J.: 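Sharing a structure, written as structure tokens. Questions coming.
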Amino acid sequence: MAHRAIQAQRLVALFVLGCLLFSFPLLSLFNTGGTVLGIPVLYAYLFGVWIGLIALMILVVERSS
């Protein structure tokens with residue numbers, strides 16, 4: 001039972017991290033006119049963070065199995 005509580009705490013921490021990474025002050029840093037491999041920096045940041053958070057959630061959930 002303690003293991004599920006730790007897993008829940010890690011998922012809540014990932015949620016808070018996601019909220020911070022998608023907040024306005026941090027997003028405004030990447031709202032520039034530049035590109036990364038032809039993709040606007042803001043879009044690359046958004047999709048990179050999104051994929052990163054999904055990967056971290058998979059690690060947290062699969063580690064418990």
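Count residues from 1 along the sequence. Please read all numbers here as calculations on a predicted model, not as lab measurements.
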J.: Atom CG of Leu11 and atom CD of Gln9: how far apart are they, to the nearest 0.5 Å?
T.: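 The distance works out to 10.5 Å.
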J.: Side-chain donor-acceptor pairs under 3.5 Å in residues 38-57, sequence neighbours left out?
T.:
residue	atom	partner	partner atom	Å
Tyr45	OH	Leu21	O	2.7

J.: Would a single hydrophobic cluster contain both Ile58 and Val61, if residues Ile, Leu, Val, Met, Phe, Trp and Tyr are joined by side-chain heavy-atom contacts under 4.5 Å?
T.: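 Same hydrophobic cluster.
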J.: Do Leu29 and Leu17 share a hydrophobic cluster, counting only Ile, Leu, Val, Met, Phe, Trp and Tyr and linking them when any side-chain heavy atoms are less than 4.5 Å apart?
T.: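 Linked, Leu29 and Leu17 end up in one cluster.
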J.: Locate the shortest heavy-atom distance separating Val60 from Gln7; write the atom from each residue and the value.
T.: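 Closest approach of Val60 to Gln7, heavy atoms only: CG1-CG, 3.9 Å.
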